[in-house]
Q: 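Here you go, one structure.
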2 protein chains.
Amino acid sequence: MTASRALHRPDLVAEATRLRVEAAVEQTGYVSNSLAGGLTSRQTRLVAAIVPSVGHSLFSDMLDELVGVLETERYETTLGISRYDPMREENWLATMLSRRPDGVVLTGIEHTARSRRLLLNAGIPIVELWDYTPHPLDVVVGFSQEDAGRAAYRHLKACGYRRPALLRSDDSRAGRRALGFKRAAQEDGEPEPVEIVFPETNPQAGRGREVMTVLLQRAPEADAIFCSSDSLALGALAHAHAVGLKVPEQLGVMGFGNQSLAEDGVPALSTLAVDGAKIGNQAARALLARMRGDTASIAIDVGFETIPRASTHKKR
Amino acid sequence: MTASRALHRPDLVAEATRLRVEAAVEQTGYVSNSLAGGLTSRQTRLVAAIVPSVGHSLFSDMLDELVGVLETERYETTLGISRYDPMREENWLATMLSRRPDGVVLTGIEHTARSRRLLLNAGIPIVELWDYTPHPLDVVVGFSQEDAGRAAYRHLKACGYRRPALLRSDDSRAGRRALGFKRAAQEDGEPEPVEIVFPETNPQAGRGREVMTVLLQRAPEADAIFCSSDSLALGALAHAHAVGLKVPEQLGVMGFGNQSLAEDGVPALSTLAVDGAKIGNQAARALLARMRGDTASIAIDVGFETIPRASTHKKR
DNA sequence: GTGAAAGCGCTAACAA
DNA sequence: TTGTTAGCGCTTTCAC
């Protein structure tokens, strides 16, 4: 018991005793066993977080910040990868919860029924990210995907494009952005924008170059496209360049995310900026508050911003 | 005890009993406590892995594969982020080992003295990635960074460039590639290539555009550059375009990693291909073998490949 | 400032 | 096929 105190609450132990314990630790190579500790104390200082993919720069900015902030309070973050699949999230949750994390961070607000049940039974703080809803499981930090889609549509229209199309992966958030985009078109009394959806099998797949061929076949009249990510849009740019389509004159290209490479596109890529790091930061803070016992309800809308650059700057 | 068996070894339990246990689980919302389980059984089915950054596509390809393969054998992977700092790795190790992982995966072969001590004391399988050494702590899966640097130099020379320079972040692997590059120049009897190093503070920092300005000032005579990553090289491409430098005629640009966006560069980016997924796969297999009790020594050199594309295709 | 007792929830080992 | 016993390594609680 004294040894335990010397390690965790050194102020409660006599200097001499502490020194003896430290010497013994050093000499024996002792490493405490937090399984045993967690079993007794009922807290693990573990936060379990799951994202669709670690390759995506938005998620990695978010993670970097989340992990960093939690670290300052001595919480460790363990990571799951869902590959945009709610069943994978469910399986991950089922095994993860047996490690008794002190908090959980999820991507999105769509979860299987069992996931919800597990989560609610666990009785720990939960943060849902990247989407906004007034009725989260517990805490939510995100923005309205539908509004983002609307904003993209409005931007393209404002730039003078008449037939904007959609190019996106099949993840559900991109789907909701597309929905907002199409609704905005509808409200304008325009025909429904053509939409090309490809499977998000892996981060490399469905690259702009290949999918653009499909788009140009299916919608030869399209004069602008809103892509579900910047890297996709960059691929589209490359394809347009290859087939001699002038951007932005003949084709407007808009990305999503405002990753650093968007600026490096030729021409520089117009995009919707989302602050991944900010989401991670707010999520970490909210989670810490909850784990401290704070029960005030939290729902944070971090918003997004339209970034006009050369790729949609049509000279009329 | 019977309940425990019904959940983990259902074949050892009568059908009727198993059903009763399952019903009870369902009804009570029981979730097993693997802290207690691990305490008794002395295995946690946890693998702890640390990478410098999750944003980098090479690491994320590797992680995806590592996590995926370990998952098939019901091992979970928990992730640390070192930000290229051995002290952060040490701190992560110190707290991580108290969770008693069954195996550890590290990036690189450079670790602090205490890290080494902790690791060796822990008595668990260790895999070091991305570098090759004949004398690993336990298992190593990687390639020779120095040879990679040499290969880049040779490629640029073979393309007809006479004054290749180096543009790199301050991570130690990029440093070893630079070393190989400079040694190859020396062996050719050429002057030492100019080298611009910038801090790897965060994945967004030190972007090609900004650093290129410095390079062109410090080495106006440079007619080719070898960048420490593809995204950096893409930034360099954008900068060259902006200042009217013709690539590949006036400036050869070479990246590292062969990320999918390298092909989308304008012009397409020459690079050194490294198979992150393969490294992750081999690492997972090696670790599984070790955790199964296999003690044969393992050191795998996965090699790399030079990918010539338009950005170094100088027409002489 | 230190220590003794008890128990967290599970599984290894053995017994029936 | 099921059950009993013991103990994993800590921390909570309480006594000194």
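Per chain, numbering begins at 1; letters A, B, ... match sequence-line order.
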Q: Does a sphere of radius 6.0 Å around CZ in R18(A) hold more than 12 heavy atoms from other residues, nucleotides or ligands, not counting ones at 6.0 Å or beyond?
A: yes

Q: What is the first contacted nucleotide of DNA chain D and what is the last, in 5' to 3' order, if contact means an atom lying under 4.0 angstrom from a heavy atom of chain A?
A: dG9(D) to dT12(D)

Q: Side chains of D102(B) and I124(B), heavy atoms from C-beta outward: is any pair under 4.5 Å?
A: no

Q: Indicate yes or no: does E76(B) engage R99(A) in a salt bridge with an N to O separation below 4.0 Å.
A: yes

Q: Walk along nucleotides 8-16 of chain C from 5' to 3' and tag each nucleotide B, S or - by protein heavy-atom contact under 4.0 Å, base first, then sugar-phosphate.
A: BBBBBB---

Q: Only one of Q145(A), R177(A), E110(A) passes side-chain hydrogen bond (donor to acceptor under 3.5 Å, both in side chains) with S172(A); say which it is.
A: E110(A)

Q: Applying side-chain contact (heavy atoms from CB on, under 4.5 Å), name anything that partners D138(B), two or more places apart in sequence or on another chain.
A: P125(B), I126(B), R290(B)

Q: With heavy-atom distances below 4.5 Å as the criterion, would you say the side chains of M87(A) and T112(A) are in contact?
A: yes

Q: Measure the shortest side-chain to side-chain distance between V47(B) and P101(B) over non-hydrogen atoms and say whether it is less than 4.5 angstrom.
A: no

